[in-house]
Amino acid sequence: MKRWNVKIVEDWLLQAFLVGAVATSIILSIIGIDEKWYIPAIFAVLYIIYRQISDVSNRTAAGVESTFYRSNSEFYSSTQRRMQSATTHIWVTYVRLVPPPGFESPEADSYFRYGIEWARKNPDREFRRIVGATTSGSLSEWLLRHYEDVKAIKNYSVHVTPFSGPVDGINFAIIDNSVAFLALSGEGNRLTGHSFDTPDAVAAFREYFLQWWDKSEKLEDYVSRIRKVPA
């Protein structure tokens, strides 16, 4: 029995549809039919362009490592595994509406605790965290407590940047110069993520992180300022 090649059939149908749609649009234009009937042809063209771009991307993506994580548990456990092999530095961000770990999962809790322990056990390496927060509320209270927990760890540095929502920011982590993780919060307790093992991607995240780092406030300065604010 002969097996059909699905892509060939799909491309043939698209081409037939496009030709028919174009011919139909010309006829409809001549006889004065409403322009909304042209929309299927437009979508067909867009879809064909998408397929061409996709094919080019697939051909040029050889050797590119990119991974998608479907849940916060999967994302945090994978990130922590990569953190365990870090030899120089770990840079992370936390821009959310609630204090860490932010998700009700043991993997998220382990991930945040591990960052502190990693810095404590590896004094010759560097851990940086950027936190988005206001000068009051649960995140501000968490930062005051966090400062007391980590102020003795000299290679664990935290900067604070103004953030008040209304939705979580896009967060990321950079491990050495080898991998970048990107996290996207969803509704409720949902989080999805990606990791990129390409030099260009890591360099782009690194450059953005450094800009953010230079423009943010040291945690000790933030704490000193907050403690001076009248209750």
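These values consider heavy atoms only, across backbone and side chains, with no hydrogens, waters or symmetry-generated copies.
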>> Any non-hydrogen side-chain atom of Tyr94 less than 4.5 Å from a side-chain atom of Leu139?
In response: yes

> What are the two closest non-hydrogen atoms of Asp176 and Ser85, and how far apart are they?
Replying inline: OD2-O, 4.1 Å

> Do the side chain of Ser138 and the main chain of Val98 share a donor and acceptor less than 3.5 angstrom apart?
Replying inline: no

>> Quick test of your reading of the model: are Glu148 and Arg227 salt-bridged, counting only N-O distances below 4.0 Å?
In response: yes

> According to the interplanar angle, ranging from 0 to 90°, do the rings of Trp91 and His89 count as parallel (below 30°), tilted (30 to 60°) or perpendicular (above 60°)?
Replying inline: tilted

> What distance do Arg82 atom CZ and Ile175 atom CD1 have between them, rounded to the nearest 0.5 Å?
Replying inline: 6.5 Å

> Can you tell me how far OG of Ser224 sits from CD of Glu217, rounded to the nearest 0.5 angstrom?
Replying inline: 9.0 Å

> Given His146 and Tyr156, is the ring pair (Phe, Tyr, Trp, His ring centres under 6.0 Å) satisfied, shown in steps?
Replying inline: CA-CA 11 Å; His146 193 59; Tyr156 185 99; 5.5 Å; yes

>> Return the CG to CZ distance between Leu97 and Phe163, rounded to the nearest 0.5 Å.
In response: 5.0 Å

>> Tell me whether the rings of Phe112 and Tyr76 are parallel (<30°), tilted (30 to 60°) or perpendicular (>60°).
In response: tilted

> So, Ser77 and Tyr111: side-chain donor and acceptor under 3.5 Å apart, yes or no?
Replying inline: no

>> Please give me the minimum heavy-atom distance between Ser164 and Thr134, naming the atom from each residue.
In response: CB-CG2, 3.6 Å

> Is any side-chain heavy atom of Arg113 less than 4.5 Å from a side-chain heavy atom of Asp109?
Replying inline: yes

>> Rounded to the nearest 0.5 Å, what separates atom OG1 in Thr67 from atom CD in Glu74?
In response: 9.5 Å

> Which heavy atom in Val160 sits nearest to a heavy atom in Ser216, and how many Å separate them?
Replying inline: O-CB, 3.4 Å

>> A side-chain contact here means heavy atoms from C-beta on lying under 4.5 Å apart; do Ser140 and Ile226 qualify?
In response: yes

> Looking only at heavy atoms, what is the nearest atom pair of Ile174 and Val202, with distance?
Replying inline: CG2-CG1, 4.1 Å

> Does the pair Arg145/Asp149 count as a salt bridge with the N-to-O cut at 4.0 Å?
Replying inline: no

> Heavy-atom distance under 4.5 Å between the side chains of Trp212 and Val95, does that happen here?
Replying inline: yes

>> Parallel, tilted or perpendicular: which one describes the rings of Phe196 and His194, with boundaries at 30° and 60°?
In response: parallel

> Is any side-chain heavy atom of Phe103 closer than 4.5 Å to a side-chain heavy atom of Ser73?
Replying inline: no

> Are Phe209 and Ile130 close enough that some pair of their side-chain heavy atoms sits under 4.5 Å apart?
Replying inline: yes

> Between Tyr69 and Ser195, do the side chains contain an N or O donor and an N or O acceptor separated by less than 3.5 Å?
Replying inline: yes

>> Rounded to the nearest 0.5 Å, what separates atom CG in Asn122 from atom CD1 in Ile153?
In response: 11.5 Å

> Can you find a heavy atom in the side chain of Asn177 that is under 4.5 Å from one in the side chain of Arg206?
Replying inline: yes

> Shortest non-hydrogen contact from Ala86 to Ile90?
Replying inline: CB-CG1, 3.7 Å

> Can any side-chain N or O of Thr79 pair as donor or acceptor with the backbone N or O of Phe75 at less than 3.5 Å?
Replying inline: yes

> Where do Ser157 and Glu126 land on the side chain to side chain contact (heavy atoms under 4.5 Å, CB included) test, with the steps shown first?
Replying inline: CA-CA 8 Å; Ser157 302; Glu126 177 189 63; 5.7 Å; no

>> On the six-membered ring of Phe127, is Arg120 placed so that its NZ or CZ lies under 6.0 angstrom from the centre and within 45° of the ring axis?
In response: no

> Considering all heavy atoms of both residues, which atom of Met83 and which atom of Gly115 are nearest to each other, and what is their separation?
Replying inline: CE-CA, 4.0 Å

>> Would you compute the distance between atom OG of Ser136 and atom CD of Glu141 and round it to the nearest 0.5 angstrom?
In response: 8.5 Å

> Among the clusters formed by ILVMFWY side chains lying less than 4.5 Å apart, do Phe205 and Ile170 turn up in the same one?
Replying inline: yes

> Do the non-hydrogen side-chain atoms of Trp118 and Gln84 ever get within less than 4.5 Å of each other?
Replying inline: no

> Looking at the rings of Tyr147 and Tyr222, which for Trp means the six-membered one, are their centres under 6.0 Å apart?
Replying inline: no

>> With side chain to side chain contact (heavy atoms under 4.5 Å, CB included) as the criterion, how do Val158 and Val131 come out once you've worked through the C-alpha distance, each side chain's angles and the decisive distance to 0.1 Å?
In response: CA-CA 7 Å; Val158 179; Val131 179; 4.0 Å; yes

>> Looking only at the side chains, is there a donor atom on one of Ser110 and Gln80 sitting less than 3.5 Å from an acceptor on the other?
In response: yes

> Does Leu191 offer a backbone N or O that forms a donor-acceptor pair with the side chain of Asn72 under 3.5 Å?
Replying inline: no

> Given Arg125 and Thr88, is the side chain to side chain contact (heavy atoms under 4.5 Å, CB included) satisfied, shown in steps?
Replying inline: CA-CA 5 Å; Arg125 302 170 193 177; Thr88 58; 5.8 Å; no

